[in-house]
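Scroll down for the structure; my scribbles are underneath it.
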Amino acid sequence: MIVVAGEALIDLVPSPQEPSPSSRGERDAATPDGRLPALQPQRGGGPYNTAVALGRLGSPTAFCSRVSTDAFGAALLHGLHSSGVDTSLVQRGSEPTTLAVADISPDGSAGYGFYADGTADRLFTLPPALPAAVRALSLGTCSLVLEPGASAYEALLHREARRGVFTALDPNIRAGLIADPDAYRARFRTWLPDLALLKMSEEDALWLAGAGAAAGGSGWDAVTAAAKEWLGAGPAAIVLTRGGAGMTVLTRGGGELTVPGERVEVVDTIGAGDTVNAALLHRLDAHDALSYTAVTALGDDDWRDILRFAARAAAVTCSRAGAEPPFARELAA
């Protein structure tokens, strides 16, 4: 079983019939006739999307989080159940569900504003040891930023890694939630010795390296330099997503491999990175590689297959509105 730990929230996404302000090149939130754009509630949160994607791919999956008892919380649990995800590790609370207001750019990329004060998911507490059947633990996004839950998720990472569970992290940076970037970067480095797999976007890697403003151009040299430093601190492999340019894996043994992105008409990119997280874990499992040692033994052909599978899965998610990852049957061809 793969456990995904982290937040579950509701994305408020502009209706396709009423594009968000950034898609109109405007700062005013209102539509041209003065109306506010209609927002559609959709289930979301990076870890939540990852769990749903894993369930749809057919991997035995459990979600570990704290979810509100409000109507949004009930909808979130329904989404997990309908995708075959075990919710026995989900804690419940009467506090409201976190809301994330999405702003969709013309290229389909999404930015977010968060309403997270006093919400249920950030009051997560460290659970007892995970079931013996758990083979992998995936974490990331807001859950490792917002206290007091962040410290509990961090403790879960360290505890499970040290008892031999395969660990994966996608920081999925939401800079607006990080009050002290340097403190977060320092904290991120303390997670590296307990990680087997680190996945992030090229933009997040630049941010974590503190090189965004100084790198110039694409900053790829700064990204790879930082990734090699992080590999030296612990992970067996780092997968970097590069939008339409595909994705690259760098390994602790010095390997580097890139696969191109899948061509698709992008509706939006919501949940694409989360789908990659799930697809990587699912395909690693297919290669019997949910262990640190097994990942270090993977060759170029193995990684090419794993990354191509993840790219196909992400392309399906980008081809439809919101975080709607594919089912296994959609990737069978």
Side-chain angles (χ1 to χ4, degrees), residues 2-16 20 38-59 61-104 108-116 119-124 138-143 146 149 170 172 174 177 267-279 281-282 313-314 316-328 330:
I2 298 172
V3 170
V4 184
E7 77 277 359
L9 51 78
I10 294 295
D11 290 327
L12 298 177
V13 182
S15 166
S20 57
L39 297 175
Q40 299 179 339
Q42 298 179 350
R43 303 172 183 94
Y48 180 89
N49 295 337
T50 298
V52 167
L54 275 164
R56 291 184 177 187
L57 290 174
S59 286
T61 305
F63 189 54
C64 181
S65 183
R66 191 170 187 275
V67 173
S68 177
T69 54
D70 65 13
F72 283 143
L76 288 164
L77 288 182
H78 176 78
L80 292 166
H81 294 152
S82 65
S83 296
V85 177
D86 185 313
T87 59
S88 60
L89 296 173
V90 173
Q91 304 165 18
R92 304 300 300 276
S94 60
E95 303 81 12
T97 297
T98 296
L99 303 177
V101 180
D103 185 19
I104 310 300
S109 61
Y112 297 92
F114 292 89
Y115 295 81
T119 52
D121 59 286
R122 66 187 298 174
L123 298 179
F124 173 82
S138 173
L139 303 101
T141 319
C142 310
S143 55
L146 299 173
D170 176 9
N172 203 9
R174 301 292 184 241
L177 292 176
V267 175
D268 64 49
T269 62
I270 297 174
D274 311 322
T275 301
V276 170
N277 296 339
L281 291 168
H282 179 80
V316 174
T317 301
C318 290
S319 72
R320 46 206 190 197
E324 287 294 341
F327 290 88
E330 297 178 87

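- Side-chain atoms of Leu54 and Val85, non-hydrogen and from C-beta on, never get closer than 4.5 Å to each other.
- In this structure, Arg43 and Asp11 have side chains that are not in contact, with every pair of non-hydrogen atoms separated by 4.5 Å or more.
- Heavy-atom minimum distance, Thr275 versus Ala53: CA-CB, 4.3 Å.
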Worksheet entry | Derivation of the side-chain contact (heavy atoms from CB on, under 4.5 Å) call for Glu324 and Arg56 | CA-CA 10 Å; Glu324 287 294 341; Arg56 291 184 177 187; 3.1 Å; yes
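- Annotation: side chain of Asp121 is not in contact with side chain of Ser143 (no heavy-atom distance under 4.5 Å).
- Taking the charged nitrogens against the carboxylate oxygens, Glu7 and Arg66 have no contact shorter than 4.0 Å, which rules out a salt bridge.
- Shortest non-hydrogen contact noted between Gly44 and Leu76 is N-CD2, 4.1 Å.
- Rounding to the nearest 0.5 Å gives a distance of 13.5 Å between CZ of Arg320 and CD1 of Ile270.
- Looking only at side-chain heavy atoms (C-beta outward), Asn172 and Asp274 come within less than 4.5 Å of each other.
- Contact detail for Thr50 and Ser138: the closest heavy-atom pair is CG2-OG, 4.2 Å.
- The two atoms that bring Leu99 and Leu12 nearest to each other are CD1-CD1, 4.4 Å, heavy atoms only.
- The two atoms that bring Thr317 and Ala272 nearest to each other are CG2-N, 3.9 Å, heavy atoms only.
- With hydrogens and angles disregarded, no donor-acceptor distance shorter than 3.5 Å links the side chain of Arg122 to the backbone of Gly149.
- Residues Phe114 and Cys142 have side chains in contact (heavy-atom distance under 4.5 Å, counting atoms from C-beta outward).
- Surrounding CZ of Phe327 are more than 12 heavy atoms belonging to other residues, nucleotides or ligands, all under 6.0 Å away.
- Atoms OH and OG1, from Tyr115 and Thr98 in turn, are 12.5 Å apart once rounded to the nearest 0.5 Å.
- The backbone N or O of Gly79 sits less than 3.5 Å from a side-chain atom of Ser83, completing a donor-acceptor pair.
- Under the 3.5 Å distance criterion, the side-chain polar atoms of Thr269 are left unmatched by any main-chain donor or acceptor of Cys318.
- Looking at heavy atoms from C-beta onward, Val13 lies out of side-chain contact with Leu39 at the 4.5 angstrom threshold.
- At least one side-chain heavy atom of Cys64 sits under 4.5 Å from a side-chain heavy atom of Phe124.
- Of all non-hydrogen atoms in Leu57 and Pro326, the two that sit nearest each other are CD2-O, 4.1 Å.
- The CD atom of Gln40 sits 12.5 Å away from atom CD1 of Ile10, with the distance rounded to the nearest 0.5 Å.
- Here the straight-line distance linking atom OG1 of Thr141 with atom CG of Leu177 works out to 10.5 Å at 0.5 Å rounding.
- Two residues are said to be in side-chain contact when any heavy atoms from C-beta on lie closer than 4.5 Å; Pro47 and Phe63 meet this criterion.
- Atom NE2 of His78 sits in a sparse spot, with 12 or fewer heavy atoms from other residues, nucleotides or ligands closer than 6.0 Å.
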Item to complete: Under the side-chain contact (heavy atoms from CB on, under 4.5 Å) rule, what do Thr97 and Thr119 come out as? Steps first, then yes or no, please.
Response: CA-CA 6 Å; Thr97 297; Thr119 52; over 6 Å; no
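- Here the straight-line distance linking atom OG1 of Thr87 with atom CG of Leu77 works out to 5.5 Å at 0.5 Å rounding.
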